[in-house]
Amino acid sequence: MCGIFGFTGWKDAAPILLKGLSRLEYRGYDSAGICMISKNRDLYINKAIGKVMELKNKINLSSLSEYTTGIGHTRWATHGGVTENNCHPHTSANGRFAVVHNGIIENYSELRTMLQWQGYQFYGETDTEVAAKLFEHLFMGDDFETLKKLTTVIEWAYALVFLDKENPGKLFGAKIGSPLVIGIGRDSWYVSSDYRSLIGLVDEYITLEDGDLFCIENNDYKVVNCGVELVRDKESITETEKHMELGDFPHFMLKEIYEQGEVLRNVFAGRIDFQAKTIRNNTLDEVVTQGFERVHIIASGTSYHAGLLGKQYLEHLADIPTEVTVSTEFKYGKQFIDKKTLYIFVSQSGETADSLESMKIVNERGGYTFGIVNVPGSSIARLAKAGLFTHAWVEVGVASTKAFTAQVATFLVIALAFGRKWNLEHMKFLSIIEDMQKIPVRIEKLLETSDKIREVAEKYASYLNFFYLGRSYELPIAMEGSLKLKELTYRHSEAYSSGELKHGSLALIDEYFPSIIINGSSPLHSKNCSSVQEVKSRGGKMIGIITSDDTKKDIYDDYLTFEASLPETEVFLEVIILQLFAYHMANTLGRDIDKPRNLAKSVTVE
Ligand code: AGP
């Protein structure tokens, strides 16, 4: 995690660094800092605990017009507590070099001991400070040669960006495992953890690959890998600043919830021909004809929940046995990699370390990897043999919303592509396609009921524990709803198959422990109603997420409704109700909605 941003050019660096850091804040917001050099070789460092806004408040921009090169960092603490001493940028003992870092230097403890023996003293506890001191220790007069040496000594993961007080205008660094791009502007150069922080600043950028070392100086740059200077392809930025701005919304999360109808239109465009009622997509045509007999989905968090829905779709619509594994467990478990299995990696950021490392294992062992990714140019997108983008635009809120629905919609398209090729009955295929076209409008209609959802959320805001219940397609929705509640409200919640509750956890139910059941038009509707009765007869309160034509509304203490359709497509509406429920409750409780405590959006450390 952590976001790093660098700039060198003819403009004032400070406002640019602060803008870049604000855009990277989703990667961590424990502390932030900048370091800049002036043309006269003066060094300016400022750091603050907390968000970038705290740093902004400490900086007097008018006094910094001479500073045109700088690096900045927004931190998600891994090594060392959240203190100003541990805040990046970190400096060498002689104060000549400064560095920002994203990742973990695995052998930092041995290196720190070695440097202490050499007489270096440390002001903080971070692995990054070790990199700064080590750089000074290895320095023999040439920044780039020292960087080369440094990268043979430190063990990854890292994206590092240095500046040298004696060389104003110069930025240099290296990356393995953590993302880094170079933005190419007119006489101005940017380095960032995420190309989206460059939207509106440059039109083109290059993505650095693992093992790349770079140096920007004299209004030019070079990239070297394994001692060879090479040219990385330039990529264009297509998003506009509109995608990075709140507009009239109070929070990015709410904006992103409201974008979901449009996002699903994006997901379906170029894949589904609604006129001809068929799927048209070259990537899918290619994958479907590979003769895969099984699917293994690997992902974390919300993306894992999308994978669980993917399993439901692939098994029910395409008859393909599908396994879903949390990426951390995949990497350290026993892996059976074979050519008959399609390995699908799901990731909004495309940078989640656990998923990325798992993907590398499958690639190395000859498995066919397929990415469902939101961020073009991200590591998972680049390493996958094939894949589909989710086209959800930038997702800023730490709590994933539109990326989830886009992932689920992508799975539905994939399952239909496989199903049409193999076993799916044609009438069923057609009815789902017809229904999919209506989802965006249904979502937009559902969003009009947000006030009703807010009322129920407010009513339950004082409860400390919740169960989220569902079965079949609705179990992953329960799991996702429960995760949203936890991360946004800091309330405890657990998701269960409604049928499983009676095997032990029902003991927790009393009048202070409400449950939310997702009970649409599923074939298991009446079984779910029995679970409602089991909870109610133990004094538990029950909120139903049900269709507007449900005839059993009176069994619930409260209910929230959506328009009935097919179980395969109702999930989109159900999850949006749960997203809004968590959003409104968090708002009632005064939580920091876009940046919940302890979290970061992109988890780039294992
Ligand atoms: C959920 O709201 C979180 N943002 C988190 O669970 C996230 O889905 C997980 O860390 C995986 O991230 P990815 O999709 O970027 O790989």
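In each ligand, atom 1 is the first atom listed, and ligand 1 is the first ligand listed. Everything numeric in this text was worked out from a predicted model, so none of it was measured.
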Aromatic ring proximity His296/Phe336, centre distance under 6.0 Å: no

Test of ring centre spacing under 6.0 Å for Phe411 and Tyr313: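 No, they do not, as the ring centres are separated by 6.0 Å or more.
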
Any Lys484 heavy atom less than 4.0 Å from ligand 1: yes

Close approach, Ser355 and ligand 1, non-hydrogen under 4.0 angstrom: no

Atoms in ligand 1 flagged as close to Ser347, the criterion being non-hydrogen separation under 4.0 Å: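 So the atoms of ligand 1 that pass are 13 (P), 14 (O), 15 (O), 16 (O).
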
Per-atom contacts of ligand 1 with Ala399, taking only distances under 4.0 Å to non-hydrogen atoms: 2 (O)

N or O contact, Gln407 vs ligand 1, cut-off under 3.5 Å: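 No; every N/O pair is 3.5 Å or more apart.
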
Shortest reach to atom 15 (O) of ligand 1 by a heavy atom, considering only Ser378, Ser349, Ala600: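 Going through Ser378, Ser349, Ala600 one by one, Ser349 has the nearest heavy atom to atom 15 (O) of ligand 1.
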
Charged tip of Arg597 within 45° of Tyr490 ring normal and under 6.0 Å: yes

Protein residue, atom and distance nearest to [atom], heavy-atom basis:
atom                    : value
atom 14 (O) of ligand 1 : Ser303 OG, 2.5 Å
atom 10 (O) of ligand 1 : Val603 CG2, 3.9 Å
atom 2 (O) of ligand 1  : Glu487 OE2, 2.6 Å
atom 4 (N) of ligand 1  : Val398 O, 2.9 Å
atom 13 (P) of ligand 1 : Thr352 OG1, 3.2 Å
atom 8 (O) of ligand 1  : Thr302 N, 3.1 Å
atom 9 (C) of ligand 1  : Ser300 O, 3.7 Å

Of Asp558, Ile516, Leu469, the residue whose pairing with Met542 passes side-chain contact (heavy atoms from CB on, under 4.5 Å): Leu469

Parallel, tilted or perpendicular: which fits the ring planes of [X] and [Y], with parallel below 30° and perpendicular above 60°?
X      : Y      : value
His492 : Phe513 : perpendicular
Phe5   : Tyr190 : perpendicular
Phe466 : Tyr463 : perpendicular

Between Ser505 and Glu494, a side-chain donor and acceptor under 3.5 Å: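 Distance-only check fails for Ser505 and Glu494.
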
Ser197 and Lys19 side chains, donor-acceptor separation under 3.5 Å: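 Per modelled atom types, Lys19 and Ser197 side chains form no pair under 3.5 Å.
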
